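Just so you know, these numbers come straight off a predicted model, no measurement behind them. Both ligands and their constituent atoms are indexed starting at 1 by order of listing.
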Amino acid sequence: MIRIAILGFGTVGRGVAEVLSMKRDMIERKIGKYGVVAIADSRSSISGEFSLLEAIAYKEERGRLPYDKTPRELLDEIDFDVLIETTPTDVKTGEPGLSYIKEAIRRDADVITSNKGPLVVAFSEIMEMAERHGVRIGYEATVGGAMPVIKLVSRELAGNRIFRIRGILNGTTNYILSRMEKEGMPYSQILSEAKEMGIAEADPSYDVDGIDAGAKLVIIANTIFNISASLNDVKIKGISGITPEAFRVAGEKGYTIRLIAEADENGRLDVSPRLVKLTNPLAIYGTMNALLVETDLAGEIFVIGKGAGKKETASAIISDLVDMYGRNNRSG
Ligand code: HSE
């Protein structure tokens, strides 16, 4: 049986637990029997024999799990094969997720994370450590939500030289810019509506100042270009200076404005509002994310999809789990 531990039991952690419970038959056909042996949020936990749906209901009713053990204490005492790490992102320190991930690797467990912080702060360190311990790191959920990005560039396009990627990696800002374009509403008014939609970061300045897009760009660029970039290496400009008037002027010439994240093989990393032709596939609307990958063999590949959300992020996490333990791909 594959023993799964889940650390972080907010929207994403609960979404994963829900899918592991509801789609058990389908997932077990692909990876064999599994069990969630422990779940923790920042201050409470549950372990041993328990029902996933009851754990979710308990957390939703009381805002916590039944026992007082912290994630740290739990990690020390349970045996598990794979850690699903969905704690909140801190792009400055990577904590607390970074410590949990390192501890899981030390314990020779595979890791699947939706948390950008640890990878933005310590991408190479985590990958080197995982290699030494012979374990795998799945991080599809850190970039683009349900949209396949990490496996696309590292596996499906494996024989290609990738010259450049350009994309829309933040749904909140794309939503704001889309509405500014269509309705001419000012930035501040749309931002307060965007916050209510629930996809903005806890501190929405991370979205509007381009930091969230920059963090995702760092993760993709490290994956593709085998570099050791951090957030400090990204030139970042957010969208707070964009006005409805700018859209009017751009529109007259057949352009719109989008927050574009771009990385190339020379190590140039940039997030900034750019003019985008209205006919360009990157002129997308609403909270969608998109990525254009330029390669030597495959030419241009374009993906588009939902970049955030409970089900969408769970989709990426389950995809990593099936990828690691799938009966046809199991390596360990
Ligand atoms: N705040 C992010 C966004 C959520 O708007 O895209 C997904 O990382």
Side-chain angles (χ1 to χ4, degrees), residues 8 10-16 84-92 94 97 112-121 123 138-150 165-181 187-188 190-223 231 234 236-240 242 257-262 271-273 282 284-292 303-317 319-320:
T11 309
V12 175
R14 293 205 297 278
V16 172
I84 297 183
E85 194 275 316
T86 67
T87 66
T89 291
D90 180 329
V91 291
K92 293 198 182 85
I112 299 171
T113 183
S114 60
N115 182 356
K116 294 170 282 255
L119 292 170
V120 169
V121 171
F123 189 92
Y139 56 100
E140 186 66 64
T142 59
V143 179
M147 185 175 86
V149 173
I150 302 301
I165 52 154
R166 300 178 75 206
I168 290 173
L169 301 177
N170 182 270
T172 302
T173 45
N174 205 66
Y175 174 78
I176 295 172
L177 295 175
S178 302
R179 295 215 40 204
M180 214 185 265
E181 175 191 327
Y187 159 84
S188 53
I190 313 170
L191 174 60
S192 51
E193 286 180 27
K195 278 191 227 163
E196 282 161 25
M197 287 174 40
I199 73 152
E201 297 297 297
D203 175 355
S205 68
Y206 279 90
D207 296 297
V208 294
D209 293 341
I211 297 163
D212 177 69
K216 291 166 181 162
L217 188 68
V218 163
I219 296 172
I220 308 176
N222 283 344
T223 304
L231 206 49
V234 190
I236 300 180
K237 189 168 174 216
I239 64 159
S240 54
I242 306 292
I257 301 166
R258 291 291 181 265
L259 185 69
I260 301 293
E262 177 170 336
V271 173
S272 55
L282 286 174
I284 57 167
Y285 289 86
T287 59
M288 299 300 259
N289 281 199
L291 190 74
L292 189 63
V303 280
I304 181 166
K306 289 193 179 148
K310 182 179 176 183
K311 286 197 311 287
E312 292 78 2
T313 310
S315 157
I317 289 176
S319 132
D320 281 342

Asks: Answer with yes or no whether the side chains of T223 and Y139 bring together a donor and an acceptor at under 3.5 Å.
Replies: yes
Asks: For ligand 1, note which part of D207 has a heavy atom under 4.0 Å away: side chain, backbone, both or neither.
Replies: side chain
Asks: Identify the residue among V208, D207, T173 that makes a side chain to side chain contact (heavy atoms under 4.5 Å, CB included) with L191.
Replies: V208
Asks: Just verifying a value: how many Å separate Y206 OH and I211 CD1, rounded to the nearest 0.5 Å?
Replies: 6.0 Å
Asks: Purely on distance, is any nitrogen or oxygen of A200 under 3.5 Å from one on ligand 1?
Replies: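 Between A200 and ligand 1 (N or O atoms, distance only) the closest approach is not under 3.5 Å.
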Asks: Closer than 4.0 Å to some heavy atom of G307 - which atoms of ligand 1 meet that?
Replies: 7 (C)
Asks: Answer with side chain, backbone, both or neither: which part of D212 has a heavy atom less than 4.0 angstrom from an atom of ligand 1?
Replies: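 It is the side chain that gets close, since no backbone atom is under 4.0 Å.
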Asks: Which is closest to atom 6 (O) of ligand 1 by heavy-atom distance: A194, G171, A202, A308?
Replies: G171
Asks: Can you spot which of L169, L282, I304 makes a side chain to side chain contact (heavy atoms under 4.5 Å, CB included) with L291?
Replies: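 Of L169, L282, I304, side chain to side chain contact (heavy atoms under 4.5 Å, CB included) with L291 is met by L169 alone.
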Asks: How many angstroms lie between CG in L259 and CD1 in I239, if you round to the nearest 0.5 Å?
Replies: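 So the CG of L259 and the CD1 of I239 are separated by 7.0 Å.
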Asks: With only distance considered, is N289 within less than 3.5 Å of ligand 1 through an N or O on each side?
Replies: no
Asks: Would you say ligand 1 has an N or O under 3.5 Å from any N or O of I199?
Replies: yes
Asks: Should you measure from each heavy atom of K116, which atoms of ligand 1 turn up under 4.0 Å away?
Replies: 8 (O)
Asks: Name the closest protein heavy atom to atom 5 (O) of ligand 1, giving the residue it belongs to and the distance to 0.1 Å.
Replies: T172 OG1, 2.6 Å
Asks: Find the distance between OG (S315) and CG (D320) and round it off to the nearest 0.5 Å.
Replies: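 Rounded to the nearest 0.5 Å, the OG-CG separation comes out at 10.0 Å.
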Asks: Do you see a donor-acceptor pair shorter than 3.5 Å between the side chains of S205 and D203?
Replies: yes
Asks: Suppose we measure from atom 2 (C) of ligand 1 to each protein heavy atom; which comes out shortest, and what is that distance?
Replies: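 Ranking protein heavy atoms by distance from atom 2 (C) of ligand 1, first comes E201 OE2, 3.2 Å.
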